[in-house]
Enquirer: 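Before we start, here is the structure in question, set down as structure tokens.
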Amino acid sequence: MNLQECIARVLPLDQEASLACEKRWDSIAKPLKSLGKMEANLIQIAGIQRTAQVRLKKKALVIMCADNGVVAEGVTQTGQEVTAIVAENFLDVKSCAAIMCKDTGTDIFPIDIGMAVDTPRVEKRKVSYGTKNMAVAPAMDREEAIRAIEIGIGLAEELKGKGYDMIATGEMGIGNTTTSSAVASVLLGKPVEEMTGRGAGLTSAGLQRKIQVIQEAIALHKPNPKDPVDVLAKVGGLDIAGLVGIYLGGAALGLPVVVDGFISGVAALAAVHLCPMAGEYMIASHVSKEPAGALILSEIGKSPSLVCDMCLGEGTGAVALFPLLDMGLHIYEKMSTFSQIEVEEYVPLE
């Protein structure tokens, strides 16, 4: 599917399936709504999958890996060579996200959508060898941004074809909190300083430099806040654009997609600006400690299932949600109803 075809295929959730799921929850021998998000998330997934027989057997974490030319401006603590090192580590169960995937039975898919170098084992779907330095030129051209989105859409199609029931989103790319802050500032119409944090550990002076670089890039390129593709192209990153495609593809194909942290959330924000109904297919895992984390979730109409003070990214927060979803599904499927144990049902109170 191309971008426009994908957006055209996004439908409202199946309300009958959601209501059937909610009815089953309410029949279980416990106080009504007492499991909170464990119930609400499954009700949403039922609407997404268009059946009250919720399926969560096959889960995937897609990690979009890309480098950002803006690192040349001294906005990061480390060099961009770290991107490729960590991307390889995902395949050796040597990263937080990979270890969490192994523990939760989640398949991990690191994707080179724009790393500055080639690596032997990371799946290559490269649009370019990193973006340009947005401080002096647009990060990419519009065609590259659309291509990155459509790579994400294509990956969602492939995972759907392989029988996956849910996708978690992750990213890896030195400098991507800078690009994410820039995109968030433009799309939300908020001051850069409110959208920008220390990322992986900047000093106060480094933070001020980061804010200045973003402000100057936005002033130089004047991205159109009503055109998310223009914003992604001028001040975004290939990893963010790829995740936009995962969200849109998931929505078109009836796959729930789990939002991770700040960067993943910015991609979700851009996807919702392109297709508002796509937000119905997103599930928020946690709220990032980055300054704009909570604001972005609020903007896309989500509240976190977990509050863990995490800000690592890479899909760690999204995968952390999976055990909670699995426990909820086990209760939903196995717990006795009021009638089975011959106890009077709870009724809603006025």
Enquirer: Measuring only between side-chain heavy atoms, which start at C-beta, is Gln44 closer than 4.5 Å to Leu13?
Expert: yes
Enquirer: Linking I/L/V/M/F/W/Y whenever any side-chain heavy atoms sit under 4.5 Å apart, do Val62 and Ile153 land together?
Expert: yes
Enquirer: By the definition side chain to side chain contact (heavy atoms under 4.5 Å, CB included), identify the one residue from Ile63, Ile263, Val257 that meets it with Thr169.
Expert: Val257
Enquirer: Salt bridge or not between Asp118 and Lys124? Use side-chain N to carboxylate O under 4.0 Å.
Expert: yes
Enquirer: Report yes if some heavy atom in the side chain of Ile45 is under 4.5 Å from a heavy atom in the side chain of Leu56; otherwise report no.
Expert: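 In contact.
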Enquirer: Does one hydrophobic cluster hold both Leu61 and Met282, with members joined at side-chain heavy-atom distances below 4.5 Å?
Expert: no
Enquirer: Any donor-acceptor pair under 3.5 Å linking the side-chain atoms of Gln208 with those of Gln212?
Expert: no
Enquirer: Tell me yes or no: between the side chains of Gln49 and Asp165, is some donor less than 3.5 Å from an acceptor?
Expert: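 Distance-only check fails for Gln49 and Asp165.
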Enquirer: Hey, what do you get for CD1 (Ile43) to CD (Gln15), rounding to the nearest 0.5 Å?
Expert: 11.0 Å
Enquirer: Between the side chains of Asp67 and Thr83, does any donor sit under 3.5 Å from an acceptor?
Expert: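 The answer is yes; a qualifying pair exists.
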Enquirer: I'd like to know if Asp112 and Lys126 make a salt bridge, using a cut-off of under 4.0 Å between side-chain N and carboxylate O.
Expert: yes
Enquirer: If you define the side chain from C-beta out and look only at heavy atoms, does anything of Ile218 sit under 4.5 Å from Lys234?
Expert: no
Enquirer: Check the side chains of Arg198 and Ser204 for a donor-acceptor pair under 3.5 angstrom, ignoring hydrogens and angles.
Expert: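 Short answer, yes.
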Enquirer: Please go through Tyr129's hydrophobic cluster and name the other residues, only I, L, V, M, F, W, Y counting, with side-chain heavy atoms under 4.5 Å joining them.
Expert: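 Result for Tyr129 is none, singleton.
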Enquirer: Between Lys210 and Glu193, is there a side-chain N and carboxylate O pair less than 4.0 Å apart?
Expert: no
Enquirer: So His286 and Leu321, side-chain contact (heavy atoms from CB on, under 4.5 Å) or not? Walk me through it.
Expert: CA-CA 8 Å; His286 74 120; Leu321 180 61; over 6 Å; no
Enquirer: Decide whether Gln80 and Asn68 meet the rule of one side-chain donor and one side-chain acceptor closer than 3.5 Å.
Expert: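 Checked: Gln80/Asn68 side chains show no N/O donor-acceptor pair below 3.5 Å.
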Enquirer: Salt bridge check, Lys57 against Asp326: does any charged N sit closer than 4.0 Å to a carboxylate O?
Expert: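 Salt bridge absent between Asp326 and Lys57.
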Enquirer: Treating Ile, Leu, Val, Met, Phe, Trp and Tyr as nodes and any side-chain heavy-atom pair under 4.5 angstrom as an edge, say whether Leu238 and Leu269 lie in one connected cluster.
Expert: yes
Enquirer: Indicate yes or no: does Lys222 engage Asp230 in a salt bridge with an N to O separation below 4.0 Å.
Expert: no
Enquirer: Kindly assign one of parallel, tilted or perpendicular to the pair Phe109 and Tyr164, based on the angle between their ring planes and the thresholds 30° and 60°.
Expert: perpendicular
Enquirer: Stepwise, does the side-chain contact (heavy atoms from CB on, under 4.5 Å) test hold for Leu295 with Met195?
Expert: CA-CA 9 Å; Leu295 182 60; Met195 299 291 103; 3.3 Å; yes
Enquirer: Going by heavy atoms in the side chains, are Leu329 and Met38 under 4.5 Å from each other?
Expert: no
Enquirer: Do you see a donor-acceptor pair shorter than 3.5 Å between the side chains of Thr106 and Thr104?
Expert: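 Yes, side-chain donor-acceptor contact under 3.5 Å.
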Enquirer: In terms of side-chain geometry, is the basic nitrogen of Glu123 or Arg125 positioned less than 4.0 Å from the acidic oxygen of its partner?
Expert: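 So Glu123 pairs with Arg125 through a salt bridge.
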Enquirer: Walk me through it: do Ile296 and Leu188 pass the test side-chain contact (heavy atoms from CB on, under 4.5 Å)?
Expert: CA-CA 8 Å; Ile296 288 168; Leu188 294 176; 4.2 Å; yes
Enquirer: In residues 303-315, what donor-acceptor pairs under 3.5 Å come from side-chain atoms, sequence neighbours left out?
Expert:
residue, atom, partner, partner atom, Å
Ser303, OG, Lys37, NZ, 2.7
Ser305, OG, Asn41, ND2, 3.1
Ser305, OG, Ala284, O, 3.3

Enquirer: When clusters are formed by joining ILVMFWY residues with side-chain heavy atoms under 4.5 Å apart, either directly or through shared neighbours, do Leu248 and Tyr281 land in the same one?
Expert: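 No, it is not one cluster - the side chains of Leu248 and Tyr281 are not joined through contacts under 4.5 Å.
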Enquirer: With a 4.0 Å cut-off, would you call Glu73 and Arg209 a salt bridge?
Expert: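 Salt bridge present between Glu73 and Arg209.
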Enquirer: Does the distance from a Lys or Arg side-chain N to an Asp or Glu carboxylate O, for Glu333 and Arg55, drop under 4.0 Å?
Expert: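 Arg55 and Glu333: not salt-bridged.
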Enquirer: Could you state whether Val192 and Val231 fall into the same hydrophobic cluster, counting links through intermediate Ile, Leu, Val, Met, Phe, Trp or Tyr residues with side-chain heavy atoms under 4.5 angstrom apart?
Expert: yes
